[in-house]
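Take a look at the structure set out below.
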Amino acid sequence: MAAVKKKRWPYVLGGILVLLVAIVAVVLWRLDAILLKTARDQAATYSQKLGRPIEIGDISTKLFPRVGARIENVVVGPAEGEDLPLAELKTVDVSVAAMPLLTSKGKDIQVQNVEVSGLTVNVLRLADGTTNVQRLQEKWAAQQPKEETPEEETQPTDLSGVHVERAALTDGTIRFVDRAGGQQARELAVRDLDIEVKDLRVGKPLKVDLAAAVLAEKQNLKMTLQAAPLPTTLVPTPEQVTLKAEHIDLSPLGPFLPPDVGLQAGTLDADWKADLGSAVPGGKGPTKLVGVIKALGMKFAGSEGGKALDVVLDTDVTGDMETGDLALDKLKLDLGPAAITGKGKVKGLLTDKPAVEGFELVGRNLDPAVLAEYYPPLKKQLKGMVAGPIGLDVRGSGTQAEQAINIAVNLTPVRLRVPDQLSKEAGGAMTLNAKLTGAAASGGALRFDAKADLDGVDMRPGLLVNKAPGQRLDVAAAGTYVPAKTGSGMTVNVTSMTLGALEDTVSGTATVSLAGTGKKATTTFKAAVKSARLDADKLLMSEEEVAARTGGKPPPASPPPEDATRFNGYRGDIQFAIGSLRFTKMDLSQVTGVVKMVDDLITVEKFSTGVYGGKVVADGTTLRLGPSPEARPFTAKVQVQGIEMAQALAERTPKQVMTGKFNGNVDVQGVGYTPDKLQQTLLGGISGNLLEGTFLGKDLVSSVTGPLSKALPFASKALKSGDVTSLGADLPFSVTIKNGVAQLSKPITWTRPEAAMSFDGGIKLDGTLDLTGGVSLTPATIKALTVGKVTPTEAIPVGLKLTGKAWSPEVTGIDVKPAATTILKLAGASVAGSLLGEKGKAVQDIITGGQDKAKADAEAKRQELEARANEEKKKLEDQARAEQEKAKQRAADEAKKKLKGIFGGK
């Protein structure tokens, strides 16, 4: 029995293995079916999106000893009106080592082979001149969301566990089929396209080889890209590019290029190699360009007289951006009639020991308009902006003790038309001259000294600077440039700068440092500028001048900012000192200040100036630049001393409003700059004292005594002292600003010999008055008014309202009846006293008792008018609150809609 059992165990084990194999076969069969169904479902989805059928023939998988997949016969078919598929793919093979993948729980991914075979792409030019590729791009663009949310910054993916032994595209073909010519279709192809990458892993250099037969039977194009050892992200840093092309005829490709190119003929030959070094981000070491690229006989549709353009780049150039080395053993760029040639060497330009050896870089016949005769699309791209030969001359000069590179750019013969910015006629002065030297003396790496003459430029098309051709505009700057020793960035220290504009000159110093990249980029700056005199009104265009150039139309509005955080990373301050400044018809003197910037927050740390015979200090004022102009919040903190009100208001009102000197404080905040926005958002207060003030345009005493005189039945005389009202020697006041209305915190009162006055209410930002109060006529005034008939023992009040614009006020709501009644009673008492003697005193007392009633009536009237004003004020506040609530509700509704869209709610 033991022997029998021993003979059975191989059969049992074999049966188990057969069963396992069967189970694995069933699992793979079902897995293949599931993957194929999933892939075909995705293909159907994209077929709908792209408007062309997508088919997948088969998918097969392996699980051991390699995890692999093979995809066969993938076809991206033709869209409507096309007779060829866009792309066909025979096979895609992927093979991954199974054991490392399993034992590392997916962290060690060893891809042994990825190969794409038999790829054919058909570029079809249709009868209307478009291609199927263009149609696909347009269809895909239409599927993309119109508003893309900014990508959040994430940590780089660590791909150190990925190793690709080989990835390749073999036997690829790109066919170009032209059906625009009718039944006889032209066909050409890029065949035998091979791309291969080997041993792709962290720490290993990357090499990509490309070879193809471009419009030929054998391979005539080879390109190699080499990169530095790969980091953990596997994102390559290119180090070297090699290009070899053997007489490729480009003319058959013309119909398949964008129509505006219009290529008709040309050939390409190349034998060129570029060692990129530190010229690319993350690269290190020198950059070297060696070889020749020739594009000869390039003809384009519409070229003048069928001219052919020869483009030849012949280089043997070596440069090192870290040290400032540049060797032009050979540099020649021919662009038809134009050319740029260079020779010579520069050593250590960014060190303290620069050396220049016969350096020369010269441009000849660099006229974009002439080049456009050979290449017509350039004319469309230039849009008539540039015409005329550009002068370029860079030469090394100096002795062993002091060497330099001189740069001269001459645009004087050039005609410029830059829309909405500037223009210049040929012959108008426009030059740039710069000198670069080592900066050992100042401790920097590179010293520069540059001057620009822009006298021939017309800046008025920009609708900002009122500088015509022939007027002075020159810029000079000198300083040092220091590149960052590690990573990206630089520091520019401008030790002197001068701007000459029209008749004024501004000078100063500045420092700017750039560091970091992306969202971690920082810009740190510091500047100090000064000027003895600056007439900004003459330098900047007025609204009338802008309207004259735009035909009365408002200038185009600036597009809203795309990113409210675009100023993040900015840090710095600007100091300024201007002896005399003319700005918006204001003559300011001794303008000094310090403005600080942190991200988008602008803070006025110090500001003072003399203006209108007094002084203004605005320390602590702030503004945020991030939002669009209509949504920018601000706070204004201003201290005022001795301001002449007549001067301050003269340019802002049609007529004079007030005289006197103002001392006080302005503390307001708001959002936006326009009157409409400020009427909704401006909040805060103004407090101070008006000294020796006079309210012009209305004599409040005569405005009251005139109607009162007419109301009296006996002969009387209204008082007239001119259309002015004295406001006393010192008039304190305080207003609270809300919803665009400056409301008096408490009534203002002042006394004149003729009367005592008191008013409450407010004034809108547009200058509309809404004041309620009264004028209490003194006994002397009543005596003069009644021509001596009545002399009361106390003042007699008259209620009124002050409305209309401040420069053209209106006195309304005058109720003289109580005052007239009081005067009549006093007049009767006076007559009774004179006729009855001692006996008339009782009658006089009875009659004069009406004076108190008149006062009470006048006070009641004043209170009635004040109540009405308060009621109107409350209505305005209620309306404003209602509008704010509606705005909040609209914003909440919009937010809910967006959230519903994000989360798929209904």
Side-chain angles (χ1 to χ4, degrees), residues 205-207 224-231 235-243 272-293 313-333 340-363 392-407 434-450 479-493 513-517:
L206 175 69
K207 183 179 180 182
T224 300
L225 170 67
Q226 295 186 15
L230 293 172
V235 176
T237 299
E239 286 188 332
Q240 187 182 89
V241 177
T242 302
L243 174 65
W272 192 72
K273 183 172 74 171
D275 293 318
L276 303 176
S278 57
V280 297
K284 295 182 179 180
T287 300
K288 188 175 181 63
L289 310 176
V290 179
V292 180
I293 299 176
L313 176 63
D314 191 355
T315 62
D316 187 355
V317 176
T318 304
D320 191 333
M321 297 184 66
E322 295 181 355
T323 60
D325 294 344
L326 180 62
L328 302 183
D329 294 326
K330 181 188 293 185
L331 175 61
K332 185 178 182 182
L333 174 60
I340 297 176
T341 59
K343 63 180 181 179
K345 296 181 179 180
V346 177
K347 295 182 179 180
L349 187 62
L350 301 181
T351 69
D352 58 353
K353 295 181 180 179
V356 182
E357 300 175 7
F359 186 82
E360 182 179 297
L361 184 65
V362 180
L392 173 64
D393 195 324
V394 182
R395 298 180 186 273
S397 64
T399 63
Q400 185 175 2
E402 184 179 355
Q403 300 188 8
I405 294 178
N406 294 285
I407 303 172
K435 183 178 182 180
L436 304 178
T437 62
S442 61
L446 178 66
R447 178 183 295 165
F448 60 86
D449 190 345
T480 58
Y481 161 83
V482 182
K485 294 182 179 180
T486 58
S488 60
M490 64 177 181
T491 297
V492 178
N493 182 22
S513 296
L514 306 180
T517 58

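Starting from 1, each residue takes its place in the sequence as its number.
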Do [X] and [Y] have side chains that approach each other closer than 4.5 Å (heavy atoms only, starting at C-beta)?
{"X": "S278", "Y": "D320", "result": "yes"}
{"X": "L361", "Y": "I340", "result": "yes"}
{"X": "V492", "Y": "F448", "result": "yes"}
{"X": "R447", "Y": "D449", "result": "no"}
{"X": "E239", "Y": "L276", "result": "no"}

[atom1] of [X] to [atom2] of [Y]: how many Å apart, nearest 0.5 Å?
{"X": "R395", "Y": "K343", "atom1": "CZ", "atom2": "NZ", "answer": "8.5 Å"}
{"X": "I405", "Y": "L436", "atom1": "CD1", "atom2": "CG", "answer": "6.0 Å"}
{"X": "T491", "Y": "Y481", "atom1": "OG1", "atom2": "OH", "answer": "9.5 Å"}
{"X": "L289", "Y": "K273", "atom1": "CG", "atom2": "NZ", "answer": "11.0 Å"}

>> Holding to side chain to side chain donor-acceptor pair (under 3.5 Å), I want the full list of residues that pass it with T242, two or more places apart in sequence or in another chain.
In response: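 If we apply the side chain to side chain donor-acceptor pair (under 3.5 Å) test to T242, skipping adjacent residues, there are no hits.
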>> My understanding is that only residues two or more places apart in sequence, or in another chain, count here; which of them pass side chain to side chain donor-acceptor pair (under 3.5 Å) with T287?
In response: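 T287: no side chain to side chain donor-acceptor pair (under 3.5 Å) contacts found.
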For [X], give me all partners under side-chain contact (heavy atoms from CB on, under 4.5 Å), at least two apart in sequence or on another chain.
{"X": "L225", "result": "V208, P238, V241"}
{"X": "Q226", "result": "K207, T224, Q240"}
{"X": "V235", "result": "T233"}

Side-chain donor-acceptor contacts of residues 326-333 below 3.5 Å, not counting sequence neighbours, with atom names and distances?
none

